[in-house]
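Presented below is the structure to which this report refers.
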2 protein chains.
Amino acid sequence: MKVLGVIVEYNPFHNGHLYHLKKAKEIVKPDFTIAVMSGNFVQRGEPAILDKFARTEIALNMGIDIVIELPFVYSIQDANGFALGSIGILERTKVVTDIVFGSESADIETLNIISDIIYKQPDKFKNLLKKYLKEGYSFPNARKYALIHFFEKNNILKKEKVLAIEKSNDILGLEYLKALKYYNSKIVPHVIQRQGANYNDEEFKGNFSSATAIRKLWKEEMYELIKESVPQKTYEILKREENLGKAPIFIEDYEISLLSFLRTLNRDDIQEIFGINEGLEQRIIEAAKQSASIIEFYRLVKAKRFTYTRIKRTLLSIYFRLKKDLIYDANKYGPQYLRVLGFTKKGRKLLSVMREQVAYPIIVTPSNYISIIKNIERDLDNKRKEWEIKKNLYFKMIEYDFKVSNVYSMYYKNKEFSRGEIDKKAKIIILK
Amino acid sequence: MKVLGVIVEYNPFHNGHLYHLKKAKEIVKPDFTIAVMSGNFVQRGEPAILDKFARTEIALNMGIDIVIELPFVYSIQDANGFALGSIGILERTKVVTDIVFGSESADIETLNIISDIIYKQPDKFKNLLKKYLKEGYSFPNARKYALIHFFEKNNILKKEKVLAIEKSNDILGLEYLKALKYYNSKIVPHVIQRQGANYNDEEFKGNFSSATAIRKLWKEEMYELIKESVPQKTYEILKREENLGKAPIFIEDYEISLLSFLRTLNRDDIQEIFGINEGLEQRIIEAAKQSASIIEFYRLVKAKRFTYTRIKRTLLSIYFRLKKDLIYDANKYGPQYLRVLGFTKKGRKLLSVMREQVAYPIIVTPSNYISIIKNIERDLDNKRKEWEIKKNLYFKMIEYDFKVSNVYSMYYKNKEFSRGEIDKKAKIIILK
């Protein structure tokens with residue numbers, strides 16, 4: 001049995017995503033497809049334009065059989081943590097046999113060689129990396145030069161090949177491959193050439209506009225152009241959610257909450273927060289006082305060392321008080337549960353197979369998340385300490401997912417949907 | 001030289017306030033009048049409808065010579081803390097000779113006798129109070145019955161006299177008198193009969209509408225009725241602030257920020273917060289998840305033991321992470337600075353007298369608040385430990401005032417006013 005795994009955000013699902021999914025299926029010819037998908041906040045450090053339930057529904061309609069949520073603690077990390085979370089989920093399903101990811105270079109061989117070095121970290125490479133970092137290069141550049149230097153003499157990889165690996169999908173791809181090695185996974189990776197618009201491209205490009213461009217179109221209420229850029233079913237759900245007053249949600253919808261909250265903070269309050277270092281805490285606290293909008297704030301905090309995305313992610317960590325030690329444990333031990341957001345009729349069969357094999361709690365009814373782990377606890381006797389850490393991680397991780405949804409739902413325009421714990425109330429999405 | 005002290009919120013200033021000020025001046029015949037005034041959040045646990053700068057300007061126009069800010073840490077406490085802060089400020093001016101406050105009973109003798117008991121807490125009274133509290137009475141009721149019981153045999157106060165002291169101004173008056181004793185103050189207290197509308201009265205009552213009623217009129221944009229209820233100059237400033245996009249500010253303006261923030265909290269996060277006990281933390285955290293608006297939230301949290309005002313104040317404490325131990329120190333040591341928000345030409349003379357006598361930093365230019373205390377520190381050598389506590393208090397107290405303004409300014413409709421630290425930028429308000 002072949003099971004394809006994909007790592008997605010679908011924010012929102014568009015023609016490019018559909019193309020990618022089709023191509024991936026052509027390569028793998030899977031019996032089933034599982035997607036691990038970011039929840040209500042995405043890796044850009046922003047709220048998703050549609051909530052995770054609507055995005056799950058779309059994914060199921062578009063050919064995914066099971067959608068599993070990437071825990072919040074991974075979904076807002078950089079490429080390394082994002083990959084450790086998403087590959088961790090796919091690995092722990094026990095059923096995924098192949099993954100396919102987009103790549104600008106589409107050069108899996110080079111990606112594999114490089115990822116091997118950055119996973120194994122031979123001393124020579126480590127020293128080179130340190131040297132370039134010391135000289136003041138940003139991490140991506142220091143790593144690039146260290147790799148070139150490392151391969152220079154042994155002739156394994158030519159300089160041009162290393163230099164070609166520099167775009168966002170390739171960088172993420174390196175981390176996926178590294179994570180596969182970390183989990184000692186047997187999953188087979190494949191790449192497909194990135195098509196259409198770039199990830200961050202704001203421009204409308206007809207059929208193949210990027211998610212960024214589509215979000216912009218939605219903000220400007222250019223419905224006709226959105227229609228051209230997304231599958232029909234996506235468009236229907238997107239309009240339905242808008243009519244319900246649940247979408248679109250933009251970063252501006254949390255700006256007052258966020259800026260107000262930042263203004264109550266002291267430097268000490270954020271020292272331990274994940275993503276805070278190199279004086280970022282002082283910049284953030286000062287900028288919050290000076291800014292009247294989130295855009296102004298980003299502009300003030302931004303520096304060569306701090307990209308917009310990094311700042312936005314760090315703000316979310318601050319807002320949810322996500323501490324460094326939790327992220328450290330989360331990355332070390334990997335995801336501690338599989339939260340199933342939805343499945344198709346066909347996916348249900350795969351889910352029963354998973355239930356027999358998976359060593360981690362599968363959560364379909366979130367309100368049971370406490371009793372689920374208690375059942376497992378009862379069966380365990382040894383490995384006590386690690387179990388304690390993992391149990392702790394399980395609770396912390398999943399409670400973040402719930403909190404994130406509770407916060408996100410405050411941004412719905414229709415306040416009818418803002419009450420109660422939406423995650424615990426939400427019914428699993430089953431496409432029949 | 002006679003100097004009248006008044007304790008005000010002016011939220012907003014209305015005809016009743018003007019009447020009160022006139023009457024007070026008739027009683028005391030002062031050479032100068034000083035007001036201690038709440039800042040951007042008032043004792044009801046809500047943002048002020050106009051910011052403290054506009055309210056200062058109005059006060060100066062209406063016959064106050066110097067306006068001093070009541071530090072945030074006192075302005076959102078119950079009657080006890082509110083009185084310790086405001087009487088503390090007036091006492092520490094060294095120049096205030098008389099205070100006048102409104103009273104429903106206007107029975108200063110009874111108020112004095114009762115306040116003496118609640119200040120000195122004789123054992124017999126303490127035991128009675130404990131007994132009634134144990135029987136499940138709310139604090140105000142338990143205190144009332146304990147007093148009646150206490151006076152029963154010695155015939156000092158008749159039951160009817162004790163029973164007559166039960167309205168909000170009288171309760172606050174008791175605390176003012178108690179605070180005067182606490183500071184061993186020589187200030188002479190006077191009362192005047194409360195006129196016009198009740199504090200919480202929502203109804204429009206012509207010339208003498210309450211501040212609550214006026215705020216409601218403002219929300220409903222009933223400008224003609226507001227005009228009847230406030231002095232001309234108040235109306236002008238109020239309209240000017242509205243045109244600038246800085247007012248009116250309602251509790252709804254911070255509801256998303258507050259509810260979103262509450263949804264990120266765990267029970268542990270608020271255990272140490274001032275105002276949290278008797279299981280209130282659990283109610284708050286649960287209610288935040290269930291509520292789509294602040295009004296719904298209050299309704300869910302409210303119980304016999306928890307009044308609306310108490311809940312609203314506690315929420316502010318949570319939002320600003322105001323801890324129990326800070327409030328404990330603040331109430332024990334009293335205010336550590338006099339923050340002058342504004343003065344008239346005449347008030348300037350009194351301010352120079354104060355500068356020679358006052359033992360606490362007088363802050364006219366807030367951005368100097370650090371250097372001001374450093375100068376004082378240099379002169380000190382002994383009493384080291386208490387000085388450390390007080391210095392610490394000074395910083396914590398005043399930094400709350402700054403933060404509160406920073407948060408409040410996020411609610412201005414006109415975002416031009418939302419940038420930077422408004423307290424530190426604000427020029428002292430001088431009426432010439």
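FYI, side chains are in, hydrogens and waters are out, and symmetry mates aren't considered; it's all heavy atoms of this structure. Chain A is the first sequence line, chain B the second, and so forth, proteins listed ahead of strands; every chain is numbered from 1. All values reported here derive from a predicted model rather than from experimental measurement.
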(message) I need the B:R263 CZ to A:F320 CZ distance, nearest 0.5 Å.
(response)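 If I round to the nearest 0.5 Å, the distance is 10.5 Å.
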(request) Measure the spacing between CG of A:D253 and OG of B:S260 and express it to the nearest 0.5 Å. (result)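 One gets 10.5 Å once the value is rounded to the nearest 0.5 Å.
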(message) I want to check something: taking the side chain as every heavy atom from C-beta on, are A:D269 and B:R321 in contact at a cut-off of under 4.5 Å?
(response)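 Of all side-chain heavy-atom pairs linking B:R321 with A:D269, at least one is under 4.5 Å.
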Return yes when atom [atom1] of [X] has more than 12 non-hydrogen atoms of other residues, nucleotides or ligands closer than 6.0 Å, and no otherwise.
X: A:K323; atom1: NZ; value: no
X: B:Q282; atom1: CD; value: yes
X: A:Y328; atom1: OH; value: no
X: A:K324; atom1: NZ; value: yes

(message) For the interface with chain B, which of A:E286, A:Q290, A:E255 has the highest count of heavy-atom pairs at distances below 4.5 Å?
(response)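 Answer, by heavy-atom pair count under 4.5 Å with chain B: A:Q290.
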(request) Could you tell me which portion of B:E296 (side chain, backbone, both or neither) has an atom closer than 4.5 angstrom to a non-hydrogen atom of chain A? (result)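 Interface part for B:E296: side chain.
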(message) Applying ring pair (Phe, Tyr, Trp, His ring centres under 6.0 Å), can you list everything that pairs with B:F261, at least two apart in sequence or on another chain?
(response)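 With neighbours one apart ignored, the set is A:F261, B:Y319.
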(request) Could you tell me which portion of A:L265 (side chain, backbone, both or neither) has an atom closer than 4.5 angstrom to a non-hydrogen atom of chain B? (result)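 Looking at A:L265, backbone and side chain both touch chain B.
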